Amino acid sequence: MAHTELSGIGVWSNQLHYGDPSEAADAAAELEELGFSALWIPDVSGSVLDAVGHLLAATKRTIIATGILNLWMHEPDTVADSYAALTAAHGDRFLLGIGVSHAPLIDARQPGRYRQPLAATTAFLDGLDAAQRPVPVDRRVLAALGPKMLALAASRAAGAHPYLVTPEHTASARAALGDGPLLLPEQAVLLCDSRDEARAIGTDWLRAYLGLPNYANNLLRIGFSQDDLAQVSDRLFDAIIAWGDEAAILRRVAEHQAAGADHVCIQALVADHLSFPRDQWRRIAAAFRG
């Protein structure tokens, strides 16, 4: 995948996977018309590959990406077969994001299963390569935060899809990846009029992620303190969530781009996390169009 094939701004949305399928299809078609270059969906439960197919069928040009496919929940040969079928049906628009998720989530279902995440990712990539119809290296990216996984993303995939990161992390990830691989960070955004409103919506959302060691350790590695994490400090909140008006969101995306991001996927936060933030998507798209 060349840089020109995935640039600009995308949307990261749990609603597009777990919301009402009819509204998800309608929203995906609108997001394509609004100019978003990729739609990213998570994989916590259910069939993420069926959801990918649903969104591919609802769109014509937009890349549909998994952010990410949870490797503990899938077999590489099955994923490779699904990738081949979806690509045959809808063209070369499926970007396979792959990740190891988090130990507390995986071990809650099967204690002790989460181990050696780097080795597990390598083995999963080996399986994709050995499949009867392999997933091309340039059509997959890895959820990568630390230096070892970033190195794997550079050598065995098209690049990296970091989540819950800052522009400063983007700069360090770009340095680790080098000039060639894609760097596709997620950025949480919140359109609101005040810090109080932002905090009312975003604090609990952020706190839930801070309990996951992969994210907590990455934030400590890039300069935040244990107190920042324990208190969800303003410093941490402001670094992770771009909040305010459209200009504030444009500035944050521009910071990621200046730091080396090829593409930034925004996750619009709203009070009702199950509702589709369609008004927010429309406002943000209009702002990027100028």
Side-chain angles (χ1 to χ4, degrees), residues 6-70 73 86 90 93-99 101 105 141 143 161-165 184-192 198 201-202 204-206 208-209 215 240-243 246 249-250 252-253 256 261 263-289:
L6 186 51
S7 58
I9 309 303
V11 165
W12 195 104
S13 169
N14 67 292
Q15 296 92 347
L16 289 174
H17 183 179
Y18 296 111
D20 175 75
S22 178
E23 185 169 6
D26 187 68
E30 182 183 11
L31 287 167
E32 179 172 75
E33 292 307 309
L34 288 172
F36 292 104
S37 57
L39 306 180
W40 298 76
I41 60 172
D43 180 23
V44 179
S45 62
S47 176
V48 70
L49 295 170
D50 286 348
V52 167
H54 184 65
L55 296 174
L56 285 168
T59 54
K60 299 176 182 178
R61 303 175 304 278
T62 303
I63 291 170
I64 306 301
T66 49
I68 47 71
L69 178 136
N70 186 332
M73 297 168 58
L86 290 167
H90 302 287
R93 293 194 292 123
F94 177 21
L95 178 62
L96 179 63
I98 304 161
S101 187
L105 303 180
V141 294
H161 170 53
Y163 185 95
L164 208 78
V165 294
L184 317 167
E186 173 269 351
Q187 174 62 59
V189 303
L190 212 165
L191 286 168
C192 62
I201 295 172
D204 287 343
W205 175 89
L206 180 52
Y209 285 108
Y215 291 134
I240 295 297
I241 301 175
W243 62 270
E246 289 90 339
I249 292 168
L250 266 62
R252 180 64 59 84
V253 169
H256 279 289
H263 165 91
V264 180
C265 46
I266 59 167
Q267 180 178 184
L269 305 181
V270 289
D272 179 0
H273 298 318
L274 299 178
S275 67
F276 288 76
R278 299 183 71 166
D279 181 60
Q280 287 79 1
W281 291 337
R282 291 165 187 152
R283 289 174 57 186
I284 292 167
F288 277 106
R289 289 197 302 269

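Hydrogens, waters and symmetry mates play no part in the numbers below; they use all other heavy atoms, side chains included. The structure presented is a predicted model; accordingly, all values stated were derived computationally and were not measured.
Considering all non-hydrogen atoms of both residues, Ala188 and Trp205 come closest at CB-CH2, 3.6 Å. Minimum heavy-atom separation, Gly202 to Leu190: N-CD1, 4.0 Å. Counting all heavy atoms, side chain and backbone alike, Val165 lies closest to Pro185 at CG2-CB, 4.0 Å.
Contact check for Leu206 versus Leu164: side-chain heavy atoms found under the 4.5 Å cut-off. Using a 4.5 Å heavy-atom cutoff, the side chains of Trp40 and Leu16 are not in contact. The shortest distance between side-chain heavy atoms of Met73 and Asp43 falls below 4.5 Å.
Rounding to the nearest 0.5 Å gives a distance of 12.5 Å between CZ of Phe288 and CG of Leu34. Summarising the geometry, atom CG belonging to Leu55 is positioned 5.0 Å from atom CD1 belonging to Ile64; distances are rounded to the nearest 0.5 Å. Interatomic distance, CD1 of Ile249 versus CH2 of Trp243, reported as 11.5 Å (0.5 Å rounding). How far CG of Leu31 is from OG1 of Thr59: 10.0 Å, rounded to the nearest 0.5 Å. Annotation: the span from Cys265 atom SG to Leu6 atom CG amounts to 8.5 Å, rounded to 0.5 Å. To the nearest 0.5 Å, atom CG of residue Leu269 and atom CD1 of residue Ile241 are 5.5 Å apart.
Judged by distance alone, the side chain of His263 and the main-chain N or O of Leu184 form no donor-acceptor pair under 3.5 Å. Side-chain atoms of Gln15 come within 3.5 Å of backbone atoms of His273 as a donor-acceptor pair (strictly under, hydrogens ignored). Within the 3.5 Å criterion, the main-chain N or O of Leu96 finds no donor-acceptor partner in the side chain of Thr66. The backbone N or O of Ser7 lies less than 3.5 Å from a partner atom in the side chain of Ser37, making a donor-acceptor pair.
When the side-chain hydrogen bond (donor to acceptor under 3.5 Å, both in side chains) test is applied to Arg61, the partners found at least two apart in sequence or on another chain are Glu33. Residues satisfying the ring-ring contact (aromatic ring centres under 6.0 Å, His included) criterion with Tyr163, sequence neighbours excluded, are Trp12, Tyr209, Tyr215. Listed by chain and number, the residues in a side-chain hydrogen bond (donor to acceptor under 3.5 Å, both in side chains) with Asp50 are Ser47 (sequence neighbours excluded). By the side-chain contact (heavy atoms from CB on, under 4.5 Å) test, His90 pairs with Leu56, Ala57, Leu86, Arg93, sequence neighbours left out. Asp204 pairs by the salt bridge (charged side-chain N to carboxylate O under 4.0 Å, His left out) definition with Arg207, not counting sequence neighbours. Gln280 meets the side-chain contact (heavy atoms from CB on, under 4.5 Å) test with Leu191, Ala268, Val270, Pro277; sequence neighbours excluded. Considering only residues two or more places apart in sequence or on other chains, Ala51 meets the side-chain contact (heavy atoms from CB on, under 4.5 Å) condition with His17, Ile41. Among residues two or more places apart in sequence or in another chain, the side-chain contact (heavy atoms from CB on, under 4.5 Å) test is passed with Ala25 by His54, Ala58. Annotation: side-chain hydrogen bond (donor to acceptor under 3.5 Å, both in side chains) contacts of Glu246 (sequence neighbours excluded): Arg283. Partners of Asp26 by salt bridge (charged side-chain N to carboxylate O under 4.0 Å, His left out), not counting sequence neighbours, listed by chain and number: Arg278. Residues forming a side-chain hydrogen bond (donor to acceptor under 3.5 Å, both in side chains) with Thr62 (at least two apart in sequence, or on another chain): Glu32.
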* To do: Take Val189 and Arg252 through the side-chain contact (heavy atoms from CB on, under 4.5 Å) test and state the conclusion after the steps.
  => CA-CA 9 Å; Val189 303; Arg252 180 64 59 84; over 6 Å; no
